[in-house]
Amino acid sequence: AQKVTQAQTEISVVEKEDVTLDCVYETRDTTYYLFWYKQPPSGELVFLIRRNSFDEQNEISGRYSWNFQKSTSSFNFTITASQVVDSAVYFCALSEAASGGYNKLIFGAGTRLAVHP
Amino acid sequence: DGGITQSPKYLFRKEGQNVTLSCEQNLNHDAMYWYRQDPGQGLRLIYYSQIVNDFQKGDIAEGYSVSREKKESFPLTVTSAQKNPTAFYLCASSIEPGARQPQHFGDGTRLSIL
C-alpha cells in the first residue's frame, strides 16, 4: 500500500540555519510522482515541486533544494539560510499513475517548521 | 487573477444542521477535490470530481455530499450524519485528473460545532 512518512513533527531553527525536512514513501508502482507543498499560517497549500519516478536529478530553486533517492525511497527538502517567512507546515505527497486515472494524492502528516529571528 | 475561492472562511454548525461550503475556481481546471485536515494530520480526501456531472467518493465520504453542475463550482455539504465535522476543509483543482498534475488549493474553510 502507498504511504508517506514525515517523521519530523516539528523543527525549530534560528534564522540563517540550513534545515532539511525528511520524506520517506512506500509504493509498489514503478511510475509515480512526488510533491512538496507549503502551508503557511493563512491555510492554503502552496505547490512547491513535483518529481517523477524516472527523474532522480536533484533540483535547486533559490534557497530550496530537493534530494530524490529511489534506493532509499526518500525525497528530502532542504532550505538553505532559512528565513522567518519559511515558517510553515510542509507536506510531502505521493501520487501513483496506476490509481485508476485520477490524481489521488497521499499526504504525509506534515512537518511544522518554525524559524526564529 | 486565476485561483480557487473558498467561502466562508469560518463556519459554525448547530446540532442536526446541514451546512454547505463553497468552492469556485476560474482556472478552467477539469478536476476538483475536497480534503479534510485535522490537527497534526495530513489531508484526507473526501470527494473528487474528474469532470462536470461526475464525482466519486474518496477515503472519508461518509456524512458528506457534493455536486458538480458547473465546471467552476464544487460545493461540499456537511450533513448531520457527520458526527465529528470540526476540521479545516480544503478545496483543490487540477488541470486534468492525471497523477502527474499538481493540485492547486484554496485557502480553506474552518468548520466548528456550536
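Since the structure is predicted, the reported quantities are computational estimates derived from the model, not experimental observations.
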Checking an interface table here. Which of residues 45-71 of chain A come within a heavy-atom distance under 4.5 Å of chain B? A:L45, A:F47, A:R50
Give, as side chain, backbone, both or neither, the part of A:Q39 having an atom under 4.5 angstrom from any heavy atom of chain B. side chain
Determine the sole option in B:Y33, B:F88, B:Y35, B:Y89 for which the ring pair (Phe, Tyr, Trp, His ring centres under 6.0 Å) test with B:F105 is passed. B:Y35
Separation of A:T80 OG1 from A:E17 CD (nearest 0.5 Å): 12.0 Å
If you count heavy-atom pairs under 4.5 Å between each of B:Q41, B:Q56, B:H104 and chain A, which one has the most? B:Q41
Determine whether A:Y90 and A:F77 make a side-chain contact, defined as any pair of heavy atoms from C-beta on separated by less than 4.5 Å. yes
Can you list every pair that meets disulfide bond (SG atoms under 2.5 Å apart) and has a residue in residues 32-106 of chain B, with sequence neighbours left out? B:C23-B:C91
Quick one: does B:W34's side chain get under 4.5 Å of B:Q6's, heavy atoms only? yes
Please look at B:L43 and chain A and tell me whether the side chain, the backbone, both or neither of the residue comes under 4.5 angstrom of a heavy atom of that chain. both
Could you look at B:Q37 and say if it's the side chain, the backbone, both or neither that has a heavy atom under 4.5 Å from chain A? side chain
State, yes or no, whether a side-chain contact exists between B:R36 and B:I60 at a heavy-atom distance under 4.5 Å. yes
Are the side chains of B:Y48 and B:M32 in contact, using a 4.5 Å heavy-atom criterion? no
Taking the side chain as every heavy atom from C-beta outward, state whether B:P102 and B:S94 have any pair of such atoms under 4.5 Å apart. no
Pairs of heavy atoms under 4.5 Å with chain B: top-ranked of A:F91, A:Y33, A:Y32: A:Y33
